[in-house]
Each structure stands twice: as structure tokens, then as C-alpha cells.
Amino acid sequence: MTFLYKANATRGLEWARHFAARAPELPFRLWPDIGDPAEVRYLAVWSPPENIATTFRNLELVFSVGAGVDQFDFSQLPPHVPLIRMLEPGIAEGMVEYATMAVLALHRDLVHLIAQQRQQIWREIRITPAAKRRVGVMGLGLLGQAVLERLKLFGFPLAGWNRSPRTIEGVTCYAGRETLLDFLAQTDILLCLLPLTDETRGILNMSLFEALPHGAQLVNVGRGGHLVEADLIAALERGLLSSAVLDVAEQEPLPAGHPFWNHPRILLTPHIASMTTPETAVEFVLDTIGRHRRGEILPGRVDRDRGY
Ligand code: NDP
Ligand code: OXD
């Protein structure tokens, strides 16, 4: 019986060390050293290998190394094998830091100030009080809620938009497509923390940008597939949006020559908003394996019909 890991190799070595300390009885293997595939009971992956169902015939659990699961083709996974997304606290901590950084950067016009510095321009940009900067979060799941909780400290009027209704103290919550326009109309800084599904692909598009107040700003920390990239460039050119912070792109790494690299209104980071922390991730997967053996409910189990 083995646990197979297929993701960032350097962090995999850390997983191996924590596994050896916490569960020496469960052999841990690092891709591509898979050993006997019939022995693999647990698989933790970022990019899933091909032919999972036929190669690993005795799989019991598949873990996503990240919080998102859009990289999986569910039809390639044996239907009886639970797919578990990563629910370790390091992901939320990283995301809260990044989202706070991005919202404050946009609130304080950092993207414009950097552009001014590059052009050797010394010019004040008037400060807008936080109480007059409305921040809206799309996706009120684990991460969206954690981010909103921290943003409360700064005094921004806060709103959130979600598939199903939520009640969050201090946050005006909207639910369902029919409320999207109302939510957007009162959002100056929009932060996307949705999972990527058939319903949310391309949701950050020109008609959404047109529904925001003129000159609004965007943070995309969901997935590159949420954003229609050409629409973002056009919306920046038209002044519909004034700047954007992007952590994700349709193609990662971003290809050479892509307009995002040098765009003066875009601050781009290489998908690092948050990262799975090996120590707490190993704790989470071992806890999940224990629950699975005892026939208990599995936190983080993906609903394949819903897509997240
Ligand atoms: P959760 O599953 O906890 O939350 C997702 C939320 O989105 C739920 O509240 C859900 O609503 C809502 N939602 C889903 N579909 C829709 C829809 N069609 N319309 C409106 N709301 C919808 O996920 P997390 O908060 O943990 O993570 C969110 C995403 O963040 C991940 O899927 C991943 O893509 C991204 N991420 C990015 C990282 C990065 O480094 N850039 C790091 C980690 C995550 P409901 O309450 O009805 O289920
Ligand atoms: C994740 C990510 O989904 O890093 O955890 O994007």
C-alpha cells in the first residue's frame, strides 16, 4: 500500500520528510518513481497523470494538492474514488495576505504610482478614504469568507456574491445570477475567488466590466479561465477599468510576448497568492485517510456534479 505524490518536486521532498515522521508505516513515493501501480492507494497531484483509472487499479482516494480541482477531468477518475481538495490552513493564510495586499495596492493606487515612478513623474494621487471604496468578493467559500473577515479591519464597505445565499456579519451578501448586476453596480474593487467550472468560465468579461462603476479595479486570484483576457485589455483601454492585479492566467507560465507582461495598468504575479504548506498538508491527508478507513464523512470531498 503506497501514497504517491505528483506535484512540485522540492515541496515533495518536504512531504516525504513529514510522512516519514508522521506515518512511517505508509510508504511515500515521489513521481515518477511510482513503484508497483497496483500498490498505489492514495494519489496527491497538481497535474493529474493520464489513464489514472487503468494505471492505478486499487486507488482509494485522490487528493488535489491545491484548493482548486479544475485541472481534473472527472470522467478520467474512477467514479467510486473520492476526490478531495486541499483544506489545509496554510492556503487560507496565504490567500488572506495576498488579497489584502492586492486590495490595498489598488485602493492606494500602487499600480499607477509604479507607472509614474518608471516615467520619473512626481505627482500626488488624491487619497480615497476606505469608507468610500466598496470592495466586492465573488465566491463566498472558505477563502472568500476568510478574505472578507480580514478586510473588515480596514473599514471598506464590503459585499459578496455567491451561488447560494450566505449571511456574513458586516457584508452585504448577494446570491445567484439574477443579483449579479446589483452586486457589480456597487463594487469599486472586485476580487474573484470563484472555483473554475462550466458556469464560471469566462465570467470576468466585457459585459461584467461594463456593469461595474466606471474606473473600477479587478483582482483575479481564482483561475485564468475566469477572465476573458482580451476583454480586460479592451476594458483598460476604454477606461472601464483603471487597473488590475492578476495572480493567474489562461496559460501558465504566461507566454513570451503576452500583453500582460508590460501592461502599465496590470500588476502580475506567477500564481503564488497562496501555496500548500507541506507540514499541514500532510496532517490533512493523514487525517482524511484515517476518516476514510473509519467510514466517516470526508471534509473537502468534491461534488463532481457541481464541479468543485
Ligand atoms: P470553496 O469551494 O470553499 O468556495 C467556492 C465558493 O464559490 C462557494 O461559496 C460557492 O458557492 C461559490 N460558487 C461556486 N460556483 C459559483 C457560481 N457559479 N456562482 C456564484 N458562486 C459560485 O473554494 P475556496 O474558497 O477554497 O477556493 C476558491 C478558488 O480559489 C479555488 O477553486 C481556486 O480556483 C482558487 N484558488 C487560487 C489560489 C491561488 O493561489 N491563486 C489558491 C487557492 C485557491 P456555494 O456556497 O453555493 O457552494
Ligand atoms: C490552489 C492554487 O488551488 O494554488 O490551491 O491555486
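Just so you know, residue 1 is the first one in the sequence shown, and it goes up from there. Both counts, for ligands and for their atoms, begin at 1 and track the order of listing.
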- Message: Side chains of E229 and H258: any donor to acceptor distance under 3.5 Å?
- Response: yes
- Between W15 and F19, how do the two ring planes meet: parallel, tilted or perpendicular, split at 30° and 60°? parallel
- Query: Are F154 and H107 near enough that their ring centres are under 6.0 Å apart?
  - Reply: no
- Message: Atom CZ of residue position R123 - does it have more than 12 heavy atoms of other residues, nucleotides or ligands inside 6.0 Å?
- Response: no
Measure and list all N/O to N/O distances between ligand 2 and the protein that fall under 3.5 angstrom.
residue	atom	partner	partner atom	Å
ligand 2	3 (O)	A67	N	3.1
ligand 2	3 (O)	G68	N	2.8
ligand 2	3 (O)	R223	NH2	2.7
ligand 2	5 (O)	A67	N	2.7
ligand 2	6 (O)	R223	NH1	2.8
ligand 2	6 (O)	R223	NH2	3.3
ligand 2	6 (O)	H271	NE2	2.6

- Note on the structure: Distance col, row L77:CG vs H80:NE2, nearest 0.5 angstrom, shows 10.5 Å
- Task: Can you run down the salt bridge (charged side-chain N to carboxylate O under 4.0 Å, His left out) pairs that involve residues 235-255, sequence neighbours left out, and say none if there aren't any?
- Result: E210-R238
- For the residue pair F3 and F28, does the interplanar ring angle fall in the parallel (under 30°), tilted (30 to 60°) or perpendicular (over 60°) class? parallel
- Item | Atom CD of E25 with >12 non-hydrogen neighbours under 6.0 angstrom | yes
- Item | Per-ligand residue contacts, ligand 1, heavy-atom threshold under 4.0 Å | A67, G68, R85, I91, M95, G139, L140, G141, L142, L143, W161, N162, R163, S164, R166, L193, L194, P195, E199, T200, V221, G222, R223, D247, V248, H271, A273, S274, R306, Y308
- Query: Which residue pairs pass the salt bridge (charged side-chain N to carboxylate O under 4.0 Å, His left out) test with at least one member in residues 126-150, sequence neighbours excluded?
  - Reply: R134-D188, E149-K152
